[in-house]
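As a basis for the values below, the full set of heavy atoms in this structure was taken, side chains included, without hydrogen atoms, waters or symmetry mates. This one's a predicted model, so the numbers in the text were calculated from it and none came from an experiment.
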Amino acid sequence: MTLLLAQLWPAALAALLLGLAVGWWFGWPGDRAAHAAAVLIAAGALVLAAVAAGEVVPGEPGLWVETAALLLVPYAIGCLAGAVLRRRGPAPDAPTPTDRAG
């Protein structure tokens with residue numbers, strides 16, 4: 001897996017940046033269905049990681065599984081970071097210093 005990461009670091013960086021953009025664009029899940037979908041995706045990611053770590057799938061398809069598991073991690077981290085950054089930003093109706101002067 002280390003050799004794979006050494007070869008795919010540009011793709012991992014792209015996955016992180018894409019995750020940041022997606023997380024910032026969509027923000028934190030707001031309703032129950034979105035939370036359920038996030039939990040299902042996280043469970044699928046854990047299954048994918050277990051399959052990759054256990055080397056269950058041999059050959060080239062196994063390489064695809066390991067690559068997907070490897071690139072899912074920076075994407076998920078980017079999504080979380082983007083959602084947190086969006087949540088920490090100022091509220092849309094927050095007064096700015098120029099609004100108070102006058």
For residues Leu8 and Leu63: do they belong to one hydrophobic cluster (side chain heavy atoms under 4.5 Å, members Ile, Leu, Val, Met, Phe, Trp, Tyr)?
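Yes.
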Shortest non-hydrogen contact between Ala69 and Ala52, atoms and distance:
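Nearest pair, atom of Ala69 first, then Ala52: CB-CB, 3.9 Å.
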Which value, rounded to the nearest 0.5 Å, describes the distance between [X] atom [atom1] and [Y] atom [atom2]?
X: Ile77; Y: Leu72; atom1: CD1; atom2: CG; value: 10.0 Å
X: Leu20; Y: Leu85; atom1: CG; atom2: CG; value: 6.5 Å
X: Glu66; Y: Leu71; atom1: CD; atom2: CG; value: 11.5 Å
X: Leu70; Y: Gln7; atom1: CG; atom2: CD; value: 11.5 Å

Residue list, side-chain contact (heavy atoms from CB on, under 4.5 Å) with Val22, at least two apart or on another chain
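If we apply the side-chain contact (heavy atoms from CB on, under 4.5 Å) test to Val22, skipping adjacent residues, the hits are Leu18, Phe26, Tyr75, Cys79.
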Check: residues 27-40 side-chain donor-acceptor pairs under 3.5 Å, at least two apart:
residue, atom, partner, partner atom, Å
Asp31, OD1, Ala34, N, 3.1
His35, NE2, Pro29, O, 3.3

